Amino acid sequence: MTFRPWRRLGDGRNQPGTPMNLFNDIRAVVIEALTKMAEAGELPQGLDLSNVAVEPPRDPAHGDMATNAAMVLAKPAGMKPRDIADRLAARLTDPRITAAEVAGPGFLNLRLAPAIWHDVVRAALKSGVDFGRSDMGAGSRVNVEFVSANPTGPMHVGHVRGAVFGDALARLLAFSGHDVTREYYINDGGAQVDVLARSAYERYREANGLEPEIREGLYPGDYLIPVGEALKERYGDSLLDRPEDEWLAEIRDFATERMMAMIREDLALLGVQMDVYSSEKALYGTGRIEAAIERLQSQGLIYRGVLEPPKGKLPEDWEAREQLLFKSTAHGDDVDRPIQKSDGAWTYFAPDIAYHWDKIDRGFDQLIDVFGADHGGYVKRMNAAVKALSNGRVPLDIKLVQLVKLFKNGEPFKMSKRAGTFVTLRDVVEEAGADVTRFIMLTRKNDAALDFDFAKVLEQSKDNPVWYVQYANARVNSVLRRAREAGIDVDDSTLAAADLTTLAHPAELALAAKLAEWPRLVEHAARAHEPHRVAFFLYEIASDLHSLWNRGNDETALRFLQEGDAATTQGKIALVRAVGVVISSGLGILGVTPMDEMR
RNA sequence: GCACCCGUAGCUCAGCUGGAUAGAGCGCUGCCCUCCGAAGGCAGAGGCCAGGGGUUCGAAUCCCUUCGGGUGCGCCA
């Protein structure tokens with residue numbers, strides 16, 4: 001029996017941008033059959049086939065794949081689902097499809113030849129960690145803005161999840177064929193960097209032997225002490241007892257730069273690297289903000305007016321004032337938003353509008369902002385601004401990342417070595433490690449709150465998903481080691497060329513079929529901007545491997561190492577290794593290092 | 001008051017952008033190591049998918065509404 005190379009499987013019928021996705025291949029077969037039915041008059045011409053799906057059925061008894069084509073088309077075609085399904089089944093003559101049965105309300109359940117699953121294993125071995133890589137994105141340019149923590153101190157827990165999420169999303173999008181830019185927006189234009197400068201000035205005084213006055217409202221953290229010392233090194237005592245306006249701007253720039261260096265280090269601890277750092281301050285004085293506002297004005301979206309007082313908690317000192325407003329309600333917001341304070345200075349929103357316009361201007365096809373959940377109120381107005389500025393061309397997806405609650409053995413975790421008042425990113429990484437931190441942060445949807453218990457995430461048991469997945473990978477490598485010790489060649493290239501016909505047990509083929517879902521999952525997760533799906537999929541794969549492993553205890557035919565039968569062993573190890581490939585590939589998207597050994 | 005998010009097994013959460021009998025871990029009950037890593041695995045019990053309407057071949061998923069929890073609501077960023 002010979003197998004066609006995987007690349008030819010699609011036979012040119014692959015949808016553009018989706019190599020190696022078996023589900024897309026089979027869908028293409030179904031679509032072609034439907035098209036022929038229309039040509040033959042068995043279906044009306046010109047039906048919308050976009051809702052026709054080919055999916056893995058939940059119940060394995062329903063075969064390997066199922067299509068809803070008959071049900072989706074029944075109404076527009078004015079036919080009974082069963083009739084469509086029957087005729088479709090008759091036209092599915094592709095040799096890969098060994099059976100097509102109509103079931104349930106009109107599903108067409110497909111069974112595929114075992115050789116298909118062997119090809120999946122082979123594809124994984126040949127592609128390595130690139131297995132599942134897709135060109136679905138067709139090189140479209142995506143800007144992922146994330147973290148964007150204020151440059152006033154070290155990153156804290158609140159930033160960690162956003163950093164991990166944004167980076168994993170960026171990796172996922174890159175893996176699925178997008179041209180991704182990771183970007184950090186430095187909020188160095190507001191009052192908070194003045195506070196930073198004053199705080200650093202006190203530390204500068206301290207470095208000169210004076211008593212620092214860390215007044216209420218200044219940043220008290222120890223991390224500014226070295227900044228004070230550096231200031232002393234640079235300025236000596238020349239700035240002591242000078243009025244603020246003589247040193248504020250200089251110290252502000254100096255301290256901001258130092259803070260950004262620190263933040264870069266913090267990000268590096270998590271394995272996060274930005275491509276672009278954009279400065280808010282750099283927008284001032286360039287006319288960019290004015291130009292952006294002018295552009296909105298030209299669309300009739302800027303006016304002077306008075307807002308209704310906010311309902312609910314009314315500030316004591318509230319009084320009606322005329323302000324410059326952006327008519328965000330024209331694009332879905334609830335109220336119009338001020339872009340200028342009553343003293344004429346820009347609100348934070350104004351440079352942010354200019355910044356997003358800049359991103360649009362740089363030619364991105366899609367913008368993604370990762371914000372903390374406390375910025376939820378900002379979503380509609382930003383969407384409105386981007387919609388207006390790009391004339392609806394550039395979609396903006398704002399992902400809100402929910403809070404992380406830290407625990408240790410079930411007790412709320414409070415620690416503040418450096419910062420004085422909060423748990424830093426560094427604290428978290430030093431306590432749990434970057435890999436564990438990243439994985440756990442991705443085991444929940446971004447918009448669901450997350451409990452992070454240091455004791456649990458470091459536990460070595462199946463309660464702990466990181467451990468469980470790493471353990472599966474370690475077992476894969478354990479099998480490979482033992483096979484080599486037995487003198488069996490298990491190099492990927494050898495395994496990929498091996499005869500896999502002995503890989504025929506339903507349990508083994510089921511696992512291979514699970515691997516076939518990986519490329520599909522990548523595309524779905526990327527489309528939904530949901531990297532957590534990768535983490536859950538890895539957990540499932542790990543579970544399947546552990547399960548198959550243990551079945552070998554009772555059924556010796558299922559053991560991966562078959563004594564005295566190198567050929568059969570190679571076939572089984574090809575499957576095991578393919579599992580390892582998918583785990584490594586998935587962990588790569590999560591930014592987690594696979595572990596070969598757990599000892 | 002308004003907006004956004006959430007509500008799924010006793011607990012913590014998935015549920016593949018509308019599919020078939022709603023899943024996993026923990027906890028509970030009972031099993032599996034002379035055998036590839038038992039740091040594992042198998043089986044069982046456990047559900048009005050918060051409640052009520054609607055949309056359609058079909059709803060945990062989409063729309064409306066009620067209840068409950070979180071977050072936000074001009075001159076902070």
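Within every chain, numbering begins at 1; the chains are lettered A, B, ... in the order of the sequence lines, protein sequences first and strands thereafter. Just so we're clear, the structure is a prediction, and the values are computed from it rather than from any experiment.
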Tell me whether E563(A) at atom CD has more than 12 heavy atoms from other residues, nucleotides or ligands lying less than 6.0 Å away. no
Look at [X] and [N] and indicate whether a side-chain polar atom (N or O) is within less than 4.0 Å of OP1 or OP2.
| X | N | answer |
| --- | --- | --- |
| R475(A) | A38(B) | yes |
| H532(A) | G15(B) | yes |
| K572(A) | C36(B) | no |

Measure CD/Q570(A) against P/C36(B) and give the value in whole Å, please.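 These atoms are roughly 21 Å apart.
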Roughly how many Å is it from OH in Y185(A) to C1' in A77(B), rounded to a whole number?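 So the two atoms are 10 Å apart, to the nearest Å.
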Classify the nucleic acid contact of E55(A) as base, sugar-phosphate or nothing, counting any heavy atom under 4.0 Å across all strands shown.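 Counting heavy atoms under 4.0 Å across all strands, the contact made by E55(A) is with sugar-phosphate only.
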Over all strands shown, is E280(A) touching base, sugar-phosphate only, or nothing at heavy-atom distances under 4.0 angstrom? sugar-phosphate
Between C49(B) and C6(B), how far apart are the C1' atoms? Round to whole Å, please.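 The same atom, C1', in both gives a distance of 14 Å.
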Distance, P atom - from C28(B) to G23(B), rounded to whole angstrom: 24 Å
Between C13(B), G41(B), A39(B), which nucleotide gets closest to the side-chain atoms of S461(A)? A39(B)
Would you verify whether the NZ or CZ of R337(A) falls within 45 degrees of the ring axis of F326(A) while also being under 6.0 Å from that six-membered ring's centre? no
Aromatic ring proximity H532(A)/F165(A), centre distance under 6.0 Å: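 Ring-ring flag for H532(A)/F165(A): false, centres at least 6.0 Å apart.
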Non-hydrogen atoms of P465(A) and I440(A) that approach each other most closely: CG-CD1, 4.2 Å
Whichever of Y378(A) and M71(A) has its nearest RNA chain B nucleotide further upstream toward 5':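 Upstream on the strand: M71(A).
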Taking the nucleotide of RNA chain B with the nearest heavy atom to each, does H62(A) or L558(A) sit closer to the 5' end? H62(A)
Heavy-atom donor-acceptor pair, R551(A) side-chain to C42(B) base, under 3.5 Å: no
Under 3.5 Å, is there any donor-acceptor pair linking the side chain of R321(A) to the base of C75(B)? yes
Both distances under 3.5 Å, Watson-Crick or G-U wobble: report the partner of G7(B), or none.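 Base partner found: C67(B).
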Just wondering, do S134(A) and F175(A) contact through their side chains at under 4.5 Å, heavy atoms?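 No, every pair of side-chain atoms sits at 4.5 Å or beyond.
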